[in-house]
Visitor: 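My structure is below; once you've seen it, I'll send some questions.
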Amino acid sequence: MIHNQLKEAIQAYSDELTQLRRKFHREPEVSWEEVKTTQFICEYLDSLGVPYRRTEPTGVIAEIAGGKPGKTVGLRGDMDALQVEELNQDLPYASMENGKMHACGHDAHTAMLLIAAKALIDIKEELPGNVRLLFQPAEEVAEGAKMMVEQGAMEGVDNVFGIHIWSQMPTHQVSCQPGSSFASADIFKVTFKGKGGHGAMPHDCIDAAIVASSFVMNVQSVVSRTIDAQAPAVLTVGKMTVGTRFNVIAENAFIEGTVRCFNPETRDHIEKQLGHYAEQVAAIYGATAKVEYIRGTQAVINDEYSAKLVQKVASEAFGEDVLYNEKPTMGGEDFSFFLDKAPGSFALVGSGNSQKDTEWAHHHGKFNIDEDALATGAELYAQYAWAYLND
């Protein structure tokens with residue numbers, strides 16, 4: 001199942017792989033602003049002779065046509081950075097953009113997919129089918145995958161595979177379990193309206209600060225008391241804006257938070273309960289409530305066949321001890337929109353190494369990766385495509 005020439009090619013291109021990742025890290029572009037990154041990818045694909053088309057406003061869809069007829073497998077790598085200040089200023093490849101950095105590893109994903117493509121080109125005449133390359137923008141705002149699907153990224157694709165570098169796992173380890181991988185990620189916004197007035201005369205007012213505080217304290221019981229304890233869910237209030245001045249009773253309060261879960265029925269229930277709790281809390285105090293619930297990414301559910309194929313490929317390519325059982329995360333991933341169109345799986349490749357200080361959490365200003373993990377990811381991309389098309 002493993003193609004030795006792919007392994008040899010990835011090793012031969014490992015220095016280039018590292019340099020590509022560092023280039024992307026030095027030049028981060030946030031969601032929907034990946035103009036230079038898109039242009040570089042196009043130029044790189046030109047050098048490989050791989051046909052492609054741009055998606056709007058950013059992103060690239062490319063395809064390696066195999067020398068034999070067969071299925072089409074999609075490989076996805078996201079490429080946007082975050083609005084996070086780089087705190088690793090001692091690195092020779094530290095971000096050159098103030099307030100922007102690759103704090104999640106998408107620079108690695110893009111570099112790994114480019115080198116995987118280069119290796120696959122070396123054996124394209126042997127490929128029984130095609131490899132669709134999906135260089136995706138705007139994952140961090142959960143919009144890029146949906147946009148690419150709308151622009152035809154998954155047309156004719158039989159299976160899709162993605163990778164995420166993971167600092168919580170040791171370098172080289174690979175995790176891809178059937179079933180739940182990443183949670184759905186939604187946003188809720190609640191606006192309470194009371195009756196403002198002088199801070200010395202609360203009896204003439206309806207204090208929106210009290211209403212909002214009561215909601216925040218009670219809404220956690222939606223999870224703890226109204227859903228099955230065996231259906232994991234997280235409800236977090238991350239922002240509350242209330243009042244204008246120390247001696248003015250607040251007339252308005254605004255709350256914003258997120259809901260994460262794996263089960264669609266749980267998701268529906270929490271959405272309904274949020275509205276119920278907001279209305280009832282407001283009614284207790286004589287205020288009014290308006291709730292907006294915004295559905296973001298869906299849960300990433302790995303297809304059993306695809307996940308087991310990843311495990312088989314990883315163990316044959318790197319040894320059985322490479323397999324790691326990482327539990328599902330409440331983090332969100334818009335890779336789920338690709339899985340709406342074809343079965344597939346999403347793997348985690350470990351990049352955490354305490355000796356290299358690469359165990360920082362994703363989205364932290366000191367996030368970095370152990371670059372020894374790059375070759376693991378690039379080869380996993382390439383070997384999965386080969387194995388799927390030959391299975």
Side-chain angles (χ1 to χ4, degrees), residues 7 10-11 13-28 77-97 99-113 115-116 139-140 162-177 181-183 234 260 300 310-311 313-315 317-333 346-381 383:
K7 178 176 287 292
I10 297 295
Q11 293 302 315
Y13 303 145
S14 61
D15 288 343
E16 182 184 4
L17 174 55
T18 300
Q19 293 309 310
L20 284 172
R21 182 260 165 168
R22 293 186 175 190
K23 171 186 169 55
F24 295 134
H25 194 89
R26 282 193 299 268
E27 304 169 6
D78 42 7
M79 60 186 187
D80 54 329
L82 285 156
Q83 291 167 323
V84 172
E85 187 70 35
E86 172 92 75
L87 299 180
N88 299 312
Q89 292 301 320
D90 57 328
L91 293 176
Y93 50 89
S95 170
M96 298 188 297
E97 300 289 336
K100 300 177 184 179
M101 74 167 288
H102 273 288
C104 200
H106 297 187
D107 50 346
H109 304 164
T110 305
M112 293 187 310
L113 188 52
I115 290 300
E139 188 281 328
E140 295 294 356
I163 291 176
H164 206 301
I165 286 290
W166 208 241
S167 65
Q168 283 78 39
M169 282 168 43
T171 300
H172 297 307
Q173 299 285 278
V174 174
S175 179
C176 189
Q177 304 300 319
S181 178
F182 280 70
V234 170
R260 311 294 177 102
V300 174
V310 172
Q311 294 175 3
V313 168
S315 61
F318 313 117
E320 290 188 5
D321 58 350
V322 76
L323 296 181
Y324 193 92
N325 186 9
E326 179 74 350
K327 61 185 179 181
T329 173
M330 284 293 178
E333 239 296 341
F346 194 66
L348 302 177
V349 172
S351 64
N353 186 332
S354 59
Q355 295 181 345
K356 296 183 179 180
D357 197 28
T358 62
E359 293 182 326
W360 291 90
H362 293 251
H363 293 205
H364 192 282
K366 291 206 44 99
F367 177 84
N368 195 14
I369 70 167
D370 180 354
E371 292 178 326
D372 287 345
L374 292 171
T376 303
E379 185 176 348
L380 187 59
Y381 269 135
Q383 297 284 14

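None of these values were measured; they are calculated from a predicted model.
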Visitor: CG/D372 to OG1/T171 distance, rounded to the nearest 0.5 angstrom?
Guide: 6.5 Å
Visitor: With rounding to the nearest 0.5 angstrom, report the CZ to CD distance, F367 to E86.
Guide: 10.5 Å
Visitor: Please assess N368 against D357 for the test side-chain contact (heavy atoms from CB on, under 4.5 Å), listing each intermediate value before the final yes or no.
Guide: CA-CA 8 Å; N368 195 14; D357 197 28; over 6 Å; no
Visitor: Does any part of the side chain of K327, heavy atoms only, come nearer than 4.5 Å to the side chain of Q177, both counted from C-beta?
Guide: no
Visitor: Check whether any side-chain heavy atom of M112 lies under 4.5 Å from a side-chain heavy atom of Y381, and answer yes or no.
Guide: yes
Visitor: For L348 and M169, which heavy atoms make the closest approach, and how far apart are they?
Guide: O-CE, 3.7 Å
Visitor: Rounded to the nearest 0.5 Å, how far does CZ of F318 lie from NZ of K7?
Guide: 5.5 Å
Visitor: Looking at L17 and A375, what are the two nearest heavy atoms and their distance?
Guide: CD2-N, 3.6 Å
Visitor: To the nearest 0.5 Å, what is the distance between NE2 on H172 and OG on S351?
Guide: 10.5 Å
Visitor: Which is it for I369 and R21 under the side-chain contact (heavy atoms from CB on, under 4.5 Å) test, yes or no, and what are the steps along the way?
Guide: CA-CA 10 Å; I369 70 167; R21 182 260 165 168; 3.6 Å; yes
Visitor: Taking H102 for its side chain and H25 for its backbone only, find out whether a donor-acceptor pair lies under 3.5 Å.
Guide: no
Visitor: A81 and M101: which non-hydrogen atoms are nearest, and at how many Å?
Guide: CB-O, 3.3 Å
Visitor: For the side chain of H109 and the backbone of I165, is there at least one donor-acceptor N/O pair under 3.5 Å apart?
Guide: yes
Visitor: Does the side chain of L87 reach to within under 4.5 Å of the side chain of H364, using non-hydrogen atoms?
Guide: yes
Visitor: Kindly say whether C176 contributes a backbone atom to a donor-acceptor pair with the side chain of Q311 at under 3.5 angstrom?
Guide: yes
Visitor: Using a strict 4.0 Å threshold on nitrogen-to-oxygen distance, state whether R22 and E371 make a salt bridge.
Guide: yes
Visitor: Evaluate H362 against L82 for side-chain contact (heavy atoms from CB on, under 4.5 Å), listing each step before the verdict.
Guide: CA-CA 10 Å; H362 293 251; L82 285 156; over 6 Å; no
Visitor: State, with a plain yes or no, whether a side-chain heavy atom of H164 is found less than 4.5 Å away from one of C104.
Guide: yes
Visitor: Where is the tightest heavy-atom contact between A111 and L20, given as atom of each residue plus distance?
Guide: CB-CB, 3.9 Å
Visitor: Quick check against the 3.5 Å criterion: does S167 have a side-chain atom that pairs as donor or acceptor with the backbone of W360?
Guide: yes
Visitor: Kindly say whether T358 contributes a backbone atom to a donor-acceptor pair with the side chain of N353 at under 3.5 angstrom?
Guide: no
Visitor: Given the side-chain rings of F346 and W166, with only the six-membered ring counted for Trp, is the space between their centroids under 6.0 Å?
Guide: no
Visitor: For Q89, does the CD atom sit with more than 12 other heavy atoms under 6.0 Å from it, leaving out its own atoms?
Guide: yes
Visitor: Looking only at non-hydrogen atoms, find the nearest pair between G350 and A373 and report the distance.
Guide: O-CB, 3.3 Å
Visitor: What is the distance from atom OG1 of T110 to atom CD1 of I115, rounded to the nearest 0.5 Å?
Guide: 12.0 Å
Visitor: Is the backbone of L323 close enough, under 3.5 Å, to the side chain of S175 for a donor and an acceptor to pair up by distance?
Guide: no
Visitor: Test of understanding: with side-chain hydrogen bond (donor to acceptor under 3.5 Å, both in side chains), list the residues that count as partners of H363, not counting sequence neighbours.
Guide: E140
Visitor: How far apart are the closest heavy atoms of Q173 and D321, and which atoms are they?
Guide: NE2-O, 3.3 Å
Visitor: Taking the side chain as every heavy atom from C-beta outward, state whether V174 and V313 have any atom pair closer than 4.5 Å.
Guide: no
Visitor: How long is the gap from CD1 on I10 to CD on E16, to the nearest 0.5 Å?
Guide: 10.5 Å
Visitor: Tell me if a side-chain donor or acceptor on Q83 pairs with a main-chain N or O of K100 at a distance below 3.5 Å.
Guide: no
Visitor: For a 4.5 angstrom cut-off between non-hydrogen side-chain atoms, does E97 reach E27?
Guide: no
Visitor: What pairs with E320 under side-chain contact (heavy atoms from CB on, under 4.5 Å), at least two apart in sequence or on another chain?
Guide: S315
